[in-house]
Amino acid sequence: MKNYLAVAAGVILNSHGEVLLALRPLDKHQGGLWEFPGGKIEAGERVHEALARELREEIGIEIFDSTPLLEKTHEYTDKSIHLSVLLVRQWSGIPDGKEGQELRWIAISNLQELKYPEANLEVVDYLQRRHDLYKD
């Protein structure tokens, strides 16, 4: 039987139309690939609460608001991931890889240059089609 995992991921957008990405550690599932920061949704947590907690723990920022972008389920051979993706435009702090992970700001138009876990590919495609997200 596959493990089921509910995950909240943040599309953290800056004023230059860039998105913050994190490099997954090599020793983790899908290690060495880029992802939208976030993590597991714990029992009883709402998606925004889980994302706020994970971003505080992992990259040291506090988010003020988030807007749902999309939800999807992806089946890996060993696990099923339900991904809730939220857009984050306002936060405080300076993003820093608290767990040693590399962080990178990248223009939405250049997202296809990096490699992602399969569950994130639809998110990349969605962002590249939604030019209204990063217009001034």
Is there a donor-acceptor pair closer than 3.5 Å between any side-chain N or O of [X] and the backbone N or O of [Y]?
X     : Y     : value
Glu54 : Leu51 : no
Asn14 : Gly17 : yes
Glu62 : Arg56 : no

Shortest non-hydrogen contact between [X] and [Y], atoms and distance:
X      : Y      : answer
Leu127 : Ile108 : O-CG2, 3.5 Å
Glu49  : Gly44  : OE1-O, 4.3 Å
Val88  : Ser66  : CG2-CB, 4.2 Å
Gln128 : Ser109 : NE2-O, 3.6 Å
Gly60  : Lys98  : CA-CE, 3.7 Å
Gly38  : Leu55  : N-CD2, 4.1 Å

Check the hydrophobic clustering (I, L, V, M, F, W, Y; side-chain heavy atoms under 4.5 Å; chains of links allowed) and say if Leu69 and Phe36 are grouped together.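 Both belong to a single hydrophobic cluster.
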Should Leu86 and Tyr126 be counted in the same cluster of Ile, Leu, Val, Met, Phe, Trp and Tyr side chains packed under 4.5 Å apart?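 The answer is no; the residues belong to distinct hydrophobic clusters.
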Mind jotting down which residue pairs meet the ring pair (Phe, Tyr, Trp, His ring centres under 6.0 Å) criterion with at least one end in residues 77-108? Sequence neighbours excluded, please.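 As it turns out, the ring pair (Phe, Tyr, Trp, His ring centres under 6.0 Å) pairs with a partner in residues 77-108, which skip direct neighbours, are Trp91-Trp105.
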Got a sec, which pairs hit ring pair (Phe, Tyr, Trp, His ring centres under 6.0 Å) with one end in residues 41-62, sequence neighbours left out?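 Ring pair (Phe, Tyr, Trp, His ring centres under 6.0 Å) check on residues 41-62 returns no pairs.
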Validation row: [X], [Y] side chains within 4.5 angstrom (heavy atoms):
X      : Y      : value
Tyr116 : Val124 : yes
Leu111 : Ile106 : yes
Arg24  : Pro117 : yes
Leu83  : Val123 : yes
Glu18  : Leu13  : no
Leu21  : Val19  : yes
Ile12  : Ile61  : yes

Could you tell me which residues satisfy side-chain hydrogen bond (donor to acceptor under 3.5 Å, both in side chains) with Asn110, sequence neighbours excluded, listed by chain and number?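 Partners of Asn110 by the side-chain hydrogen bond (donor to acceptor under 3.5 Å, both in side chains) criterion come out as none, since no residue qualifies.
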Sequence-distant partners of Gln90, side-chain hydrogen bond (donor to acceptor under 3.5 Å, both in side chains), two or more places apart: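 With neighbours one apart ignored, the set is empty.
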Atom [atom1] in [X], atom [atom2] in [Y]: separation rounded to 0.5 Å?
X      : Y      : atom1 : atom2 : answer
Asn120 : Asp125 : CG    : CG    : 12.5 Å
Arg89  : Leu87  : CZ    : CG    : 5.0 Å
Glu113 : Trp34  : CD    : CH2   : 12.0 Å
Arg104 : Leu23  : CZ    : CG    : 8.0 Å

Quick one: list whatever passes side chain to side chain contact (heavy atoms under 4.5 Å, CB included) with Leu5, sequence neighbours left out.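 In terms of side chain to side chain contact (heavy atoms under 4.5 Å, CB included), with neighbours along the sequence ignored, Leu5 is linked to Val7, Lys40, Ile81.
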Pairing residues for Gln101 by the side chain to side chain contact (heavy atoms under 4.5 Å, CB included) criterion, not counting sequence neighbours: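 Residues passing side chain to side chain contact (heavy atoms under 4.5 Å, CB included) with Gln101: Ala22, Glu58, Ile59, Glu99, Leu103.
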So does Glu45 have more than 12 non-hydrogen atoms from other groups sitting under 6.0 Å from CD?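 Correct, the count exceeds 12.
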Is Arg53 salt-bridged to Glu57, going by a charged N under 4.0 Å from an acidic O?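 Looking at Arg53 and Glu57, the cut-off is met.
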